[in-house]
Amino acid sequence: MELDWKNLSFGYLKTDYNIRSYYRNGSWSEPELTSDETVSLHMAATCLHYGQEVFEGQKAFRGADGVIRIFRPEENAKRMQSSAAYLKMALPPVDLFVDMMKRVVKANERFVPPYGTGASLYIRPLLLGTSAQVGVNPSQEYLLLMFVTPVGPYYKEGFNPIKVMIDRDHDRAAPLGTGHVKVGGNYAASLTSGEIGHEKGYPCVLYLDAKEKKHIDECGGANFFGIRQGTYITPRSHSVLPSITNKSLMTLAEELGLKVEQRIVDYEELATFEEAGACGTAAVISPIGSIYDPSNDRTFVYGDGTKAGPNCEKLYHRLRAIQYGEEPDTYGWMVEVK
Ligand SMILES: *Cc1c(COP(=O)(O)O)cnc(C)c1O
């Protein structure tokens with residue numbers, strides 16, 4: 001397979017197969033590989049009307065030894081279960097989920113980018129409520145589907161910090177709402193502030209807690225962390241999605257000798273961090289150069305605003321090295337695709 005791996009964008013590129021399992025009459029069907037890129041749905045399916053839809057995101061990597069590995073797929077399986085439970089959907093069993101993920105990666109092996117390009121194979125699982133219903137009730141039937149698409153290296157011009165804007169005029173999730181689960185609706189709700197941010201030149205919007213606007217929640221699709229005096233600090237909040245990248249970075253921060261605190265993070269603490277970052281599957285870490293708050297015209301700058309801090313650098317490289325099989329997988333995070 002010859003693709004311009006280094007210049008792939010984070011878009012959609014057709015691959016050979018996707019994989020599907022259907023939940024009907026209380027059980028999941030034997031997963032089927034298909035080349036059909038479309039989904040046939042009843043127009044009254046609950047996912048279309050009432051947003052009964054949850055998703056996941058993960059990557060497979062071709063390692064230095066040529067072996068293909070997926071990063072912590074069981075964590076995605078468990079998180080999809082918790083998202084599905086909140087939306088009263090059928091829970092895909094962890095084994096079924098991981099097995100489908102391995103199979104869809106294997107079937108699209110020729111799309112897993114070569115080692116050394118910095119590219120990877122993005123995996124997108126979705127779970128949809130499919131029964132025809134007009135009353136507001138959970139669906140009786142579900143479709144679990146996983147497709148893959150190769151994605152290029154996130155940092156084409158180096159590991160450079162991003163500019164972040166605080167949006168106090170919109171919330172992505174309610175205080176006791178769906179912020180902690182990975183539902184499409186949260187993303188729909190973030191599109192307005194995302195566009196405002198982009199128009200003003202900020203690729204990333206940071207949300208404060210929706211109730212009091214006193215604490216830090218997270219970015220639209222990435223968790224937030226700050227580093228101060230040898231401590232990695234990340235918000236604990238009902239409306240923060242538990243990022244698997246963040247969970248892994250907390251482990252690696254301890255390995256590096258940092259202390260780790262997951263707790264309520266006050267807005268004023270933004271002025272005290274030496275480094276800050278946004279973390280998630282897409283980029284691992286986006287170092288944050290500065291955070292602008294238009295409500296009071298304050299700007300919080302990290303370092304000189306143009307270079308990633310030393311701890312962000314170390315954490316990023318350590319996690320990448322584990323994912324690409326360059327350094328020991330000390331914690332057993334990588335799952336081989338055979
Ligand atoms: C998916 C997601 C993240 C990142 O989670 P990872 O498991 O690290 O990819 C962070 N915040 C939100 C809102 C998300 O939906």
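As the structure is a computational prediction, the values presented were derived from the model and not from experiment. Remember, it's 1-based here, ligands and their atoms both numbered in the order they're listed.
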Next on the checklist: Testing Tyr267, Phe224, Phe273 one by one against Phe300 for a ring pair (Phe, Tyr, Trp, His ring centres under 6.0 Å), which residue passes?
Outcome noted: Tyr267
Would you check whether [X] has a nitrogen or oxygen atom less than 3.5 angstrom from a nitrogen or oxygen atom of ligand 1?
X: Ile244; answer: yes
X: Lys182; answer: yes
X: Arg79; answer: yes

Residue and atom name of the nearest protein heavy atom (relative to [atom]), distance in Å to one decimal:
atom: atom 15 (O) of ligand 1; value: Tyr187 OH, 2.4 Å
atom: atom 9 (O) of ligand 1; value: Thr281 OG1, 2.5 Å
atom: atom 3 (C) of ligand 1; value: Gly221 O, 3.4 Å

Is it true that [X] lies under 4.0 Å from ligand 1, counting heavy atoms only?
X: Ser248; result: no
X: Gln58; result: no
X: Gly57; result: no
X: Arg172; result: yes

What atoms in ligand 1 come closer than 4.0 Å to a heavy atom of [X]?
X: Gly220; result: 13 (C)
X: Ala222; result: 10 (C), 11 (N)
X: Glu218; result: 10 (C), 11 (N), 12 (C), 13 (C)

Item to check | side-chain contact (heavy atoms from CB on, under 4.5 Å) between Tyr232 and Leu315, intermediate numbers included | outcome: CA-CA 11 Å; Tyr232 179 104; Leu315 288 166; 4.0 Å; yes
Checklist entry - Applying a 4.0 Å heavy-atom criterion (strictly less than), which segment of Ser243 is in contact with ligand 1: side chain, backbone, both, or neither? => result both
Next on the checklist: Taking 4.0 Å as the limit for heavy-atom contacts, which would you say applies to Asn223 with ligand 1: side chain only, backbone only, both, or neither?
Outcome noted: both
Next on the checklist: Going by salt bridge (Lys or Arg N to Asp or Glu O under 4.0 Å), name the residues that satisfy it together with Glu212, two or more places apart in sequence or in a different chain.
Outcome noted: Lys214
Next on the checklist: Angle between ring planes, Tyr292 versus Tyr202, binned at 30° and 60°: parallel, tilted or perpendicular?
Outcome noted: parallel
Item to check | Short side-chain donor-acceptor distance under 3.5 Å, Arg318 and Thr330 | outcome: yes
Next on the checklist: For Gln52 and Tyr142, which I'm curious about, is there any donor-acceptor pair between the side chains at under 3.5 Å?
Outcome noted: yes
Checklist entry - Is the closest basic N to carboxylate O distance between Arg298 and Glu268 below 4.0 Å? => result yes
Item to check | Residues forming a side-chain hydrogen bond (donor to acceptor under 3.5 Å, both in side chains) with Arg72, sequence neighbours excluded | outcome: Ser248
Item to check | Rounded distance (nearest 0.5 Å) linking atom NZ of Lys6 with atom CG of Leu8 | outcome: 12.0 Å
Checklist outcome for this item: CD of Gln58 to CZ of Phe97, rounded to nearest 0.5 Å, is 8.5 Å
